[in-house]
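Here is the structure we will look at.
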2 protein chains.
Amino acid sequence: MIKTKKEKNNERSAVYNLGSRTFDCPIELTSTAINGKWKLLIIYRLSLQHKLRFSQLKKEVKGVSEKMLIQHLKEMEKDGLVDRIVYPVVPPKVEYGLTEAGRSFIPVLDMMRNWGLSFIAVEATT
Amino acid sequence: MIKTKKEKNNERSAVYNLGSRTFDCPIELTSTAINGKWKLLIIYRLSLQHKLRFSQLKKEVKGVSEKMLIQHLKEMEKDGLVDRIVYPVVPPKVEYGLTEAGRSFIPVLDMMRNWGLSFIAVEATT
DNA sequence: TTCATTACTTACCAAAAGGTTGGTACTTGC
DNA sequence: GCAAGTACCAACCTTTTGGTAAGTAATGAA
């Protein structure tokens, strides 16, 4: 169905909600959801491993600082993409995983990854 | 050719080139390629219209400033995603379009858009 | 002569993103 | 008593990003 511009009658423009944020454009929503230097890599790791502890995630996402890792995880939790499970033990144990919405992004991420793969450099074979 | 130590035998780590930048990880490449507040929207508009003049793009990508539009277009041109055709006339006429590599991103963008669509808000019907 | 048009460019500024360092709480092992 | 291990927080700082406002070149129209 093609939506023409100024909706003449009672047609209302759709909005899209991610966590507590609202968007007019689905591309903007997606763009915002994955906006952050490490978010795609976090999702990628969680798509491979199902559940990961904070410290494991830190090892897998190479180069990320603790601050950014937590910050991104929190945002993604707010956005409903990531689950956080706390075990009341000492020393602390927290596991992160993808929610249903988060898992639904995996095919998209796969396409993004495949698109990136097509830019593989051709190496001379000495 | 610089090879870091990790590769014990003849195992070589692949690299991916976007314009003049090199990445170890295809996800990072993709992430970098679309990194910019307006880039996805620019690609989206160019995917719908095939070719657009600068001023038309400015109208279609709502809210973008001239500075950011040019800046992003230049980066995408360097990255090989966007074509720039200059007509030697006065007043100036420049058309932008997607390259083959740029067009190959359209299915990815479609998935991103569809993923965003799934977050449509349910509205109460008064 | 001055204006309009188009596709920029430049200078400057504010805000956001991200990095570094150091600290906390709690318990087990030495 | 002290260090180790875990999952964070808070301060501080630099870099990056994006926005605003103004100016430029070339030509034809008024």
Side-chain angles (χ1 to χ4, degrees), chain A residues 18-21 23 25 27-28 30-43 45-46 49 51-79 82-97, chain B residues 18-21 23 25 27-29 31-43 45-46 49 51-79 82-97:
Chain A
L18 177 75
S20 55
R21 286 173 290 189
F23 301 86
C25 167
I27 294 179
E28 279 174 8
T30 304
S31 181
T32 302
I34 62 175
N35 180 342
K37 190 170 176 184
W38 311 97
K39 279 191 186 169
L40 288 176
L41 294 176
I42 293 170
I43 297 176
R45 287 298 153 184
L46 292 178
Q49 302 263 4
K51 278 197 186 313
L52 283 172
R53 297 185 63 172
F54 180 81
S55 53
Q56 294 175 307
L57 213 36
K58 205 178 94 182
K59 277 174 210 152
E60 309 251 6
V61 182
K62 276 153 202 160
V64 71
S65 68
E66 293 189 343
K67 175 195 163 190
M68 291 317 297
L69 185 54
I70 300 170
Q71 189 174 303
H72 284 164
L73 284 169
K74 277 192 176 170
E75 285 172 19
M76 297 167 84
E77 200 191 348
K78 263 194 188 171
D79 289 342
V82 162
D83 260 348
R84 182 171 178 271
I85 304 163
V86 182
Y87 298 87
V89 296
V90 169
K93 177 176 177 181
V94 180
E95 281 184 342
Y96 291 93
Chain B
L18 178 74
S20 57
R21 287 174 289 190
F23 302 86
C25 166
I27 295 178
E28 280 173 7
L29 182 148
S31 181
T32 303
I34 62 174
N35 179 344
K37 191 171 176 186
W38 310 97
K39 278 193 187 169
L40 288 176
L41 294 177
I42 291 170
I43 296 175
R45 286 300 153 183
L46 291 178
Q49 301 263 3
K51 280 197 184 315
L52 282 172
R53 297 184 63 173
F54 180 82
S55 54
Q56 293 176 309
L57 256 179
K58 206 179 94 181
K59 276 174 209 152
E60 308 251 7
V61 181
K62 274 154 203 158
V64 72
S65 68
E66 293 189 343
K67 176 192 162 190
M68 291 316 297
L69 185 54
I70 301 172
Q71 191 173 303
H72 284 165
L73 284 170
K74 278 190 177 171
E75 284 172 19
M76 296 166 84
E77 200 192 347
K78 264 195 189 170
D79 289 343
V82 161
D83 260 346
R84 182 172 177 270
I85 304 162
V86 183
Y87 298 88
V89 296
V90 169
K93 177 175 178 182
V94 179
E95 281 185 342
Y96 291 93

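Basis for what follows: all heavy atoms, side chains included, without hydrogens, waters or symmetry-related copies. Naming: A, B, ... by sequence-line order, numbering from 1 per chain.
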[X] side-chain proximity, nearest of [options]:
| X | options | value |
| --- | --- | --- |
| A:Ile70 | C:dA7, C:dG19, D:dC8 | D:dC8 |
| B:Ser65 | C:dA7, C:dG19, D:dT20 | D:dT20 |
| B:Pro92 | D:dG5, D:dC8, C:dA7 | C:dA7 |
| A:Lys67 | D:dG18, D:dC9, D:dA11 | D:dA11 |
| B:Met68 | C:dC8, D:dG19, D:dA7 | D:dG19 |
| A:Lys37 | D:dA7, C:dT9, C:dG18 | C:dG18 |
| A:Val90 | D:dC8, D:dG5, C:dT9 | D:dG5 |

What does [X] touch in the nucleic acid at a heavy-atom separation under 4.0 angstrom: a base, only the sugar-phosphate, or nothing?
| X | answer |
| --- | --- |
| A:Lys74 | sugar-phosphate |
| A:Glu66 | base |
| B:Tyr87 | nothing |

Check: B:Tyr96 and B:Ile42 side chains under 4.5 Å, non-hydrogen atoms:
no
Is there a side-chain contact between A:Arg53 and the phosphate of D:dA7, meaning an N or O under 4.0 Å from OP1 or OP2?
yes
Whether over 12 other heavy atoms sit under 6.0 Å from A:Lys58 NZ:
no
